[in-house]
Structures are given as structure tokens and as C-alpha cells.
Amino acid sequence: MEWAPIHKRPEDYSGANLVDYPAFAADFSWNDARAQLDGLPGGGLNIAHEAVDRHAAGEKADKIALRWIGRDGETRDFTYAQLARETARFANVLQAHGIGNGERVYSLLGREPELYIAALGTLKNGSVFSPLFSAFGPEPVKARMTIGEASALVTTASLYRRKIAPWRQELPGLKQVFIIDAPDTLPEGTVDLTTAMADASDSFETARTRPEDMALLHFTSGTTGRPKGAVHVHEAVVAHHITGRLALDLHPDDVFWCTADPGWVTGTSYGIISPLTNGATMIVDQAEFDAARWYRILQDQKVNVWYTAPTAIRMLMRIGSDIVKEHDLSALRFMASVGEPLNPEAVVWSEEAFGMPFHDNWWQTETGGIMIANYRAMDVRPGSMGKPLPGVTAAVVEKGEDGHMRPVAEPMTVGELALEPGWPSMMRAYLHEEERYNKSFADGWYLSGDLAMRDADGYFWFVGRADDVIKSAGHLIGPFEVESALMEHPAVAEVGVIGIPDEAAGEIVKAYVAIKKGHEPDEALRKELLGHARKKLGPAVAPREIAFRQNLPKTRSGKIMRRLLKARELGLPEGDTSTLESDEK
Ligand code: ATP
Ligand code: MG
């Protein structure tokens with residue numbers, strides 16, 4: 001189906017950070033972006049200085065940097081000045097326990113205030129921060145802490161007992177474990193962080209890190225296989241800062257809410273660093289997804305900019321738009337989405353429900369920051385990821401006859417989405433996996449592993465992950481297209497599409513469908529969906545089979561794991577499922 005573009009009105013442009021986008025983009029250089037930051041007094045670059053200390057030393061000292069909302073609705077505010085002092089305390093605690101430059105400090109925490117303090121305090125100390133999902137089991141925790149040679153960990157007593165204590169002696173390099181909720185009996189071999197912080201000085205001279213010093217270690221979501229540890233450096237802050245302005249339209253006085261779990265890269269790049277370098281107030285909600293609660297937060301906290309993910313948006317769609325209208329969301333100015341393809345259906349729905357669309361944007365753990373986006377001053381083509389940001393060169397590439405990668409000649413040709421290396425937040429390595437890292441580059445391009453198309457106007461369209469694309473009777477079928485067509489049916493809540501082997505066609509398309517409440521997963525619905533898909537997509541692309549599911553297997557960052565649907569379908573080993581959220585087989 002052809003989706004009409006969403007044309008922006010003049011008021012959508014007014015005050016946008018990209019009013020005159022083409023001219024701005026033509027003039028843009030990463031050096032200009034760097035010039036918006038301070039650098040350390042006396043030389044060097046440190047993310048924590050840019051995010052916190054420079055604001056704490058200026059006009060923003062008493063402005064709320066972080067507003068934390070507890071599960072029961074209580075709030076805790078930290079001004080920039082307070083955040084500067086708390087992070088200094090944490091850095092002093094690390095020093096006191098012999099944890100220095102370049103050493104890896106992990107967190108295994110939900111959205112607790114200590115997580116934000118630890119992240120920034122770690123960077124202040126010149127150490128490397130690596131966040132883990134608090135819902136990980138002991139094995140994925142152990143694997144990631146081993147790869148990164150963890151020196152320290154910040155966690156809760158209960159998480160420690162269940163997930164680290166059983167194997168701790170196998171990681172002798174782990175010098176200290178800091179417990180944020182030290183109960184009366186502190187687990188053996190751990191430190192009570194609250195007391196240690198209270199005893200520590202609240203001033204600290206930020207480590208004089210250089211732009212190329214390692215700052216962050218982020219593990220990929222593991223959607224396609226074994227997760228990789230992507231290394232990012234302090235220089236990345238240049239991209240975190242400017243992409244927040246350009247792609248999320250973050251202004252210094254905004255209230256910003258990024259709903260991402262702090263266990264993956266979005267939770268750091270845009271859940272901590274970008275809003276703070278831009279001097280905004282960031283909202284952190286301790287609780288998990290709950291539609292009514294989310295609308296209340298958007299209303300009560302007067303959120304201006306909201307950054308979330310397709311899984312959440314699809315859940316909001318299930319509930320409908322009446323609830324949106326019952327809230328005063330007049331402060332909301334910009335909404336964006338990342339993590340998975342955003343179905344055009346969802347974009348059109350949001351435009352109707354909120355009076356503005358969700359703006360999809362694309363990036364990866366490896367890219368460290370947003371690369372392609374529907375920015376504010378731009379018409380949105382529902383289903384498109386948008387256009388490359390200033391400073392980013394993106395292309396759709398294919399292997400030429402000479403065996404080298406080159407941009408495809410014609411618009412709307414499927415190829416691999418590639419980027420020209422050189423932006424500040426580009427990963428510098430997959431830790432201890434040089435070969436895997438080197439494989440991501442060819443002929444001057446960074447190869448993303450995603451397939452996409454570029455239209456004649458420069459908009460990029462996601463097709464699927466290279467591993468997920470289906471070859472059926474000579475057609476190349478992107479699962480996203482099939483999923484989006486099924487999503488248009490009113491009974492459908494969520495879809496995952498895979499190819500299954502077929503003698504005649506090579507592969508045929510099979511769809512796993514979760515349906516909305518009030519519909520029956522029966523033969524009649526199956527026939528109706530098959531008919532619907534055939535009408536929308538044509539018989540060559542439409543699914544041949546449909547299976548109903550309560551829910552689909554997803555990573556903890558909310559991505560549908562198509563490889564798992566396939567492995568189960570074929571009775572093959574499930575591979576690395578360390579990031580799998582509970583699901584129904
Ligand atoms: P792994 O690399 O371990 O398989 P992963 O690729 O899911 O896991 P992330 O780096 O968290 O790990 O996710 C980046 C990927 O998410 C992108 O390569 C892309 O496949 C998908 N993605 C992110 N944003 C979008 C988007 N806006 N549209 C389509 N796909 C997206
Ligand atoms: Mg990936």
C-alpha cells in the first residue's frame with residue numbers, strides 16, 4: 001500500500017534545530033559540532049565533563065538534570081550541581097578501591113539513580129562504563145563481564161546473590177562489587193555503596209582523558225547471534241550531543257524522556273549523555289512499560305521530547321487513541337522511535353492520535369549514535385527511516401563484478417546499508433574480536449548488516465537484516481514489508497515473518513501473528529489474513545502460512561528474534577539466547 005507522506009506544517013518547523021536543513025547540512029562539519037563542547041580545562045575530552053560539570057559550573061547549576069520517578073510515584077531530583085557532586089563521590093569511591101584509568105566498571109541495575117551516578121562517575125574517573133540488563137541471567141552476565149575483564153560492578157544485593165556470587169571466584173580480576181541497597185547483612189566480599197559515597201569527598205578532578213580513550217563498552221542486542229562488545233571512546237560525545245539536537249530536536253530547556261532500558265546502547269547515548277550535554281532535564285521512570293502510567297508521565301512531567309521504541313508504540317496502538325485524548329499532552333513537541341523498523345501503520349496512527357507522527361530513526365550499537373533520521377523539519381514518509389544526518393554519508397551498496405562493494409546505480413534497489421567511516425561515535429573495535437570487526441568493513445565502507453533501499457529523494461527504506469531476508473521463487477522478500485502489510489489488519493498486534501525451506505520455491509514466507517484482544521485465532525481469521533496479505537502484497541510475496549502466537553520472542557531491547565522463530569520452525573539449535581526475554585514457544 002502507498003502511504004501518503006505526512007507534510008509538516010509551518011508550526012512544526014518553527015524553532016526547530018534544523019530550520020534550514022539543506023544549507024545547514026551543506027555547511028556542517030564534525031569540527032563545528034565539537035566546537036559546541038568545552039573540552040577539559042587544560043586539555044583533553046571527557047564525556048562526564050561535557051554532560052555534567054560544565055553545566056554545574058555555569059547557569060544551569062540549579063537546574064534539574066535528572067528527575068527519577070519511583071515505581072510508587074515518588075520522585076527524586078538531581079540538579080546539575082548535585083549530579084556533579086554525586087558523580088565526584090562515586091569517582092572517589094572507585095579511586096579508594098584502586099580502580100583507575102581504563103578499568104571496566106559494569107552496572108547490573110534497573111533504572112535506579114545510582115546507575116546514572118555510576119555511569120558518569122566512572123567516566124569522570126577515566127574508567128570504562130559497561131551497562132548490563134538487570135534481567136540477564138547469571139550466564140550472560142558472566143560472559144560479558146569476562147569479555148570486558150570487569151574490575152568493578154555496581155548492583156543490588158539480590159542481583160549479586162543470584163547472578164554473580166555463584167561464579168565470582170572465576171573472575172579474579174573483579175576487585176570490587178558495590179551494593180546500592182546494602183541490607184543489614186552485606187553479601188561477603190562486597191562494599192556498601194551508600195556508606196562509601198557518604199564517606200567520600202564530593203570534589204574530584206576529572207581524569208584528563210583523550211578523545212580516543214575508551215569510554216564505553218556496549219554489547220549488541222544479540223538479535224542475529226552471539227553479542228559483540230562494541231568499544232566507544234570519549235570523542236563519541238560529539239555525536240551524542242549534536243545528534244540529539246539534530247535528530248531529536250533537543251533544546252536546552254526541554255524535558256526529555258527516553259524510555260530505553262539502560263542495559264543497551266540507547267539507554268546510554270540518549271538515556272544519559274545526549275540530554276545532559278544539551279542541558280535538558282531528563283526523566284527516568286523506574287517502572288516497566290504501562291500505558292496508563294506512560295501517558296500520565298508525559299502529561300504530568302510536561303515532556304517535550306519523547307524517544308521510544310516500536311514494541312512500545314505497538315502496545316500503545318493496541319490500547320487505542322481515546323486514552324491519548326484524555327491527557328493534556330500540550331507540552332509534547334517531538335516523538336521519535338528507534339530499535340526496529342517502525343511500521344507505516346504506526347506512524348499514521350500516531351499522527352492521528354497525537355497530532356504529530358513518531359519520527360523513526362536508524363542506528364546501531366556499532367554506530368554509537370543516530371545516523372539516519374526523520375528530523376523535525378522534514379516531511380515524513382511513513383515506513384521510511386529518513387535521511388542521513390549531516391556529517392553522515394550513507395549508501396546502499398552491492399558487490400560489483402570486480403568483487404568490490406559499490407553504491408547501487410538505481411533508486412529503490414535493495415542492497416546493504418553502508419556508512420562512510422569517520423563519525424565520532426563509530427565503534428573503535430569489537431573487544432577481543434579483531435576478525436569480526438575487520439569483516440564489517442570493505443572498500444571504504446562500514447557494512448551495517450542491514451538491507452535497505454534509497455529512493456530518488458534520498459529517503460532510506462529498511463528491508464530487513466541481511467540474515468532475515470527471504471528468497472522465494474526468484475524474489476527477494478524483506479520481512480518488514482510483509483509484517484507491515486499484516487499490521488494494517490485490525491486484528492493484528494504484532495508480526496514476525498521468516499522464510500522456511502520449500503522444494504519448489506526455495507523458501508516460502510511464514511508469518512507468526514499475535515492478535516489483539518477481542519479477536520479469535522481461528523481458521524476464519526487465518527484465511528482472512530492470508531487473503532488480506534495476498535491483496536496487499538501479491539501472491540509471490542504474501543505469506544503462505546500463518547501461525548498464531550500469544551507473543552513473539554524478543555530481545556531485551558525489544559527486537560523480534562526472527563532467527564529464533566526460524567530455528568524453532570526447523571528444529572535447529574536456538575543458538576545464543578542470552579538476550580531473550582521470556583516468550584511462548
Ligand atoms: P546483533 O548485532 O547482536 O544481532 P542487534 O543488531 O539487534 O543485535 P543493536 O545494535 O541493538 O543490536 O540493534 C541495531 C539494529 O536494530 C540495526 O542494525 C537494525 O537491524 C535494527 N534497527 C534499529 N533501528 C532501526 C530502525 N529505525 N529501522 C529498522 N531497523 C532498525
Ligand atoms: Mg547488529
Side-chain angles (χ1 to χ4, degrees), residues 66 68-76 86 89-90 93-94 97 99 104-122 129-148 150-199 217 219 222 227 259-264 267-268 271-272 284-290 293 554-558 577-583:
L66 161 63
W68 176 85
I69 306 171
R71 226 165 253 121
D72 300 326
E74 74 278 21
T75 56
R76 272 178 75 185
E86 292 301 307
R89 283 181 198 279
F90 186 80
V93 169
L94 291 179
H97 289 273
I99 290 144
R104 319 292 155 52
V105 178
Y106 279 68
S107 67
L108 182 69
L109 287 173
R111 296 183 193 82
E112 307 296 341
E114 289 82 356
L115 175 107
Y116 300 83
I117 293 164
L120 294 159
T122 297
F129 180 66
S130 185
L132 299 175
F133 281 101
S134 59
F136 274 157
E139 273 308 312
V141 171
K142 179 181 169 190
R144 286 162 183 74
M145 287 178 67
T146 305
I147 293 174
S151 292
L153 170 72
V154 186
T155 187
T156 67
S158 147
L159 289 171
Y160 177 76
R161 286 210 180 85
R162 288 184 284 135
K163 301 182 179 180
I164 289 108
W167 55 264
R168 178 162 177 188
Q169 71 285 1
E170 292 173 51
L171 199 61
L174 182 60
K175 296 182 197 166
Q176 291 302 345
V177 175
F178 300 102
I179 303 292
I180 68 162
D181 58 343
D184 300 340
T185 52
L186 198 62
E188 205 187 311
T190 66
V191 174
D192 167 8
L193 184 62
T194 315
T195 312
M197 292 271 286
D199 292 345
L217 173 63
F219 291 89
T259 64
D261 191 291
W264 69 298
T268 306
I272 307 180
V284 169
D285 180 26
Q286 187 188 30
E288 290 308 316
F289 176 83
D290 169 343
R293 182 181 172 100
K554 292 202 197 91
T555 65
R556 298 204 174 277
S557 48
T577 53
S578 58
T579 62
L580 177 68
E581 217 173 62
S582 61
D583 72 324

Return the minimal non-hydrogen interatomic distance between Pro131 and Leu217, and the atom names on each side. CD-O, 3.7 Å
Steps toward side-chain contact (heavy atoms from CB on, under 4.5 Å) verdict (Thr579, Trp264): CA-CA 11 Å; Thr579 62; Trp264 69 298; over 6 Å; no
Residue Gln169 excluded, over 12 heavy atoms near CD under 6.0 Å: yes
Any donor-acceptor N/O pair, Arg111 side chain to Thr259 backbone, under 3.5 Å: yes
Non-hydrogen atoms of Tyr106 and Arg144 that approach each other most closely: OH-O, 2.7 Å
I'd like to know if the side chain of Lys175 reaches the main chain of Ile99, judged simply by a donor and an acceptor atom lying under 3.5 Å from each other, with no hydrogens or angles considered. no
Could you report the tightest heavy-atom contact between Pro138 and Trp167, atom names first, then the distance? O-NE1, 3.6 Å
For residues Ile69 and Thr75, determine if any side-chain heavy atom of one lies less than 4.5 Å from a side-chain heavy atom of the other. yes
Give a yes-or-no answer on whether the side chains of Thr156 and Ser158 include a donor-acceptor pair shorter than 3.5 Å. no
Sub-3.5 Å donor-acceptor pair from the side chain of Asp72 to the main-chain atoms of Glu74, do we have one? no
Any side-chain to backbone donor/acceptor pair from Lys163 onto Ser134? Under 3.5 Å, distance only. yes
Could you please spell out the steps behind the side-chain contact (heavy atoms from CB on, under 4.5 Å) verdict for Arg168 and Val177? CA-CA 10 Å; Arg168 178 162 177 188; Val177 175; 3.5 Å; yes
Is a side-chain N or O of Asp181 found less than 3.5 angstrom from the main chain of Ala157, in a donor-acceptor match? yes
At their closest point, which heavy atom of Leu153 faces which heavy atom of Leu174, and how far apart are they? N-CD1, 4.1 Å
Is there a side-chain contact between Leu115 and Val154, using heavy atoms and a 4.5 Å cut-off? no
I'd like to know if the side chain of Glu581 reaches the main chain of Lys554, judged simply by a donor and an acceptor atom lying under 3.5 Å from each other, with no hydrogens or angles considered. no
